[in-house]
Amino acid sequence: MYKLENYSNKEITHLLRSIAAVHQLKGKNRFRTIAYENAADAVEHLSREIKDVWEEGKIYQVPGIGEIIGSSLNELFKQGRSKHFDSILAQVPTPVFELMKVRSIGPKRAYKLVTILGLDHSDNIFTDLKKAGEEGKIAEIENFGKKSEQEIIAAINLYRQRSAKADRMPIPYAKRIADEVINYLKNHPQVMRVDALGSLRRWEATIGDVDLAVQVKREKLNGKSYKNIIDYFIKYPKKIKVENAGENKASIIVSPNIRIDLRIQEEAGYGSMLQYFTGSKAHNIKLREHALAEGFSLNEYGLKKIRSPSTSLRTSPKSPPQRKGGDPRNNSQIMEFSNEHRLYEFVDLQYIPPEIREGTNEIELAQKNQIPKLVEVADIKGDLHVHSSYNLQPSHDLGENTYEEMLKKAKELKYQYLGFAEHNPKTSGLNEKEIIEIMKKRYLEIEKIRDAEIKVKCFIGLEADILPDGSLALPEKAIDYVDYLVVSVHSAFNLNVKAMTERVLKALEYPKVKALGHPTGRLLGKREGFELDWERIFNFCARKNIALEINSWPQRLDLPDTLAREGLRHEVKYIINTDAHATQEMEGMRYGVSVARRGWCGRSDIINTLNYSAFKKWLNNKS
DNA sequence: GCCGTTTTCGGCCCGACTGTTTTCAGTCG
């Protein structure tokens, strides 16, 4: 029987996939299998922990989770077991589910291996199976052969290496890997263009593998095969393994265990490829369903007319041939699109930016022309959370660059203003009077340069620790020497929801508090965020004119995108900051903007898109 | 099992690659 340790998304995903596998193996209703797989996909790509979503009573808002799966998860979270799940899982030996974690082993192969080799009760399925493979027993099974046997042994080895590591990468890391491969590919004379797609193009908080599309010119190729480019790709110097390599696509693993998927397309159909390979999977499924309703079958090459729109009730059927846009090549039956915008237009949808292609309700809203204009980096007028090297004896780490250097960088980034928010002076070893002196001295220091810089104005901020009891790690009198405060939790992360919420709300009551810094405290891959009563926080901040920070630091990306979208319903405002500790890190604004975009934020939802005077007014206006 | 500007019933995306196969099943994205 399954063992759950921490109810992480990873564990729940695997649980749901296991149930899907049982349904598939028992083969009664394949749509039930699909339903569980869809639910698993949804949990896997959720930007927050499913258990937190459940605790907020919003589990049914996750697309793909309905009455039965939702109530079973409810039981599971509450009592540690679900009778319904248990009864399904009991139909198949547990080692089957373990084996399915290995690449190239799906439900059917896992089931065959476990039952035929008599490993139903194996405690160490990977070791046992590997041993069987080394003894040649796998190859003897029907429909398996020598190659499959080798493949399985290799896959087990890889799985064991990989499972020891964090399996999703921070975006900058994935981008670096992608860029190296892109540069390599661009050296090939037939390659016209290379794009990183998939979760990288959607700017997901963490990246599983790297998806690349290559555009080639037909006349430069002999015939229609892209074999020569595939061959070049699989010779990539850092490749450690070729997963597969066919006519149209290939996958390699590069050191230290990152998968790169490649697809190739000519210019005429490149828009379709961009769309398909950007995903998400859930978005593509919904888009294809939508296309079907319009009478078209959609794939990665284009659209095929299948019939008149199936709906008899449709009152004003637009007959497809008259449509503008697209790149109809009717002679070949498939309509190609060189341009992604035209593809969406052709199926009567507003263009949908990659960041929100997550299969929530973007298709429905695009039909109604209700996709908002999302905020862009160019809209950002200032960064209000940067750490300089000015030594105010901070409680946490100091920055690397001086005020002047950071202002210069801000100018380079075309900002109108910059807000310094070093950590508050440490409270141990310094008495209140000393702290106030330090703050005053710093105030005067910044005052000196405040107007020296003509183009970039600066604000005097501070990032103050929220202590466990909700008070700030700063004497009230010291607040006189700042323009605003960002308050953040840096300790005692394990309070319960109620205590944590009270703690934060109390801190937000202090004068000059204008932002809640990295609101969940999460560190991707290291630490889960703490829980808050978001309804209360959102409502409080909206009422008090306090912004929630969207922290651009790639390991934070905090507030998470799904919460950002939720906050919009409460009319919360956000402030996107880099939390930079060096000038170079100030360039990371794009990461935070991406979170905001994934959270459906427009320019007016982001407070630091205001120009200097409007922003200053907002800063001084605490209702 | 899920889901709904057409629906609370009756549908449910689409294709590439590999290995073991002479036509397809399994896995993956």
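Quick note on labels: first sequence line is chain A, next is B, and so on, each numbered from 1.
A gap of 14 Å separates the P atoms of dC13(B) and dG4(B), to the nearest Å. Rounded to a whole angstrom, the distance from the P atom of dG26(B) to that of dT21(B) is 13 Å. A gap of 15 Å separates the C1' atoms of dT18(B) and dT23(B), to the nearest Å. When the P atom is compared between dG15(B) and dT20(B), the two are found 26 Å apart, to the nearest whole Å. If you take atom C1' in dC12(B) and the same atom in dT7(B), they sit 14 Å apart, rounded to whole Å. Comparing dC14(B) with dT8(B), their C1' atoms sit 29 Å apart, to the nearest whole Å. With P as the reference atom, dT6(B) and dG1(B) are 28 Å apart, rounded to whole Å.
Shown are K146(A), R109(A), K241(A); of these, the salt bridge (charged side-chain N to carboxylate O under 4.0 Å, His left out) with E151(A) is made only by R109(A).
When the side-chain nitrogen and oxygen atoms of R103(A) are compared with OP1 and OP2 of dG29(B), one or more of them lie within a distance under 4.0 Å. Remark: K304(A) is in phosphate contact with dG15(B), judged by side-chain N or O atoms under 4.0 Å from OP1 or OP2. Taking 4.0 angstrom as the limit, N299(A) places a side-chain polar atom (N or O) nearer than this to OP1 or OP2 of dG15(B). Taking only side-chain nitrogens and oxygens, H84(A) comes nearer than 4.0 Å to OP1 or OP2 of dG1(B). Side-chain nitrogen and oxygen atoms of S251(A) include none within less than 4.0 Å of the OP1 or OP2 phosphate oxygen of dC28(B). Distances shown here put every side-chain N or O of R32(A) at or beyond 4.0 Å from the OP1 or OP2 atom of dC12(B).
Nearest nucleotide to the Y276(A) side chain, out of dC17(B), dG29(B), dT20(B): dG29(B). Side-chain atoms of K108(A) lie closest to dT27(B) of the nucleotides dT27(B), dC14(B), dA16(B). In this structure, of dT27(B), dG1(B), dT20(B), it is dG1(B) that holds the atom nearest to the side chain of I69(A). For K368(A), counting side-chain heavy atoms from C-beta on, the closest listed nucleotide (dT5(B), dG26(B), dG15(B)) is dT5(B). Taking every side-chain heavy atom of K249(A) into account, dA16(B) is the closest of dC13(B), dC28(B), dA16(B). Side-chain proximity of E364(A) to dT18(B), dA16(B), dT5(B): nearest is dT5(B). Among dC28(B), dC17(B), dG1(B), the nucleotide with an atom closest to any side-chain atom of E247(A) is dC17(B).
The aromatic ring of F31(A) is stacked on the base of dC12(B), with the two ring centres less than 5.5 Å apart and the planes inclined by under 30°.
Between D195(A) and R201(A) there is no salt bridge, since no side-chain N of the basic residue sits under 4.0 Å from a carboxylate O of the acidic one. For the pair K51(A) and E49(A), the salt-bridge criterion is not met [side-chain N within less than 4.0 Å of a carboxylate O].
Between Y232(A) and Y184(A), a ring centre-to-centre spacing shorter than 6.0 Å is recorded.
When the nearest nucleotides of DNA chain B are assigned to E243(A) and Y36(A) by heavy-atom distance, the more 5′-ward of the two goes with Y36(A). Closest-nucleotide positions on DNA chain B for G246(A) and P63(A) were compared, and the one nearer the 5' end corresponds to P63(A).
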- request: Could you check W203(A) against V595(A) for side-chain contact (heavy atoms from CB on, under 4.5 Å), going step by step and ending with a plain yes or no?
  value: CA-CA 8 Å; W203(A) 293 84; V595(A) 173; over 6 Å; no
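E362(A) and T360(A) share a donor-acceptor pair across their side chains, judged by distance under 3.5 Å alone.
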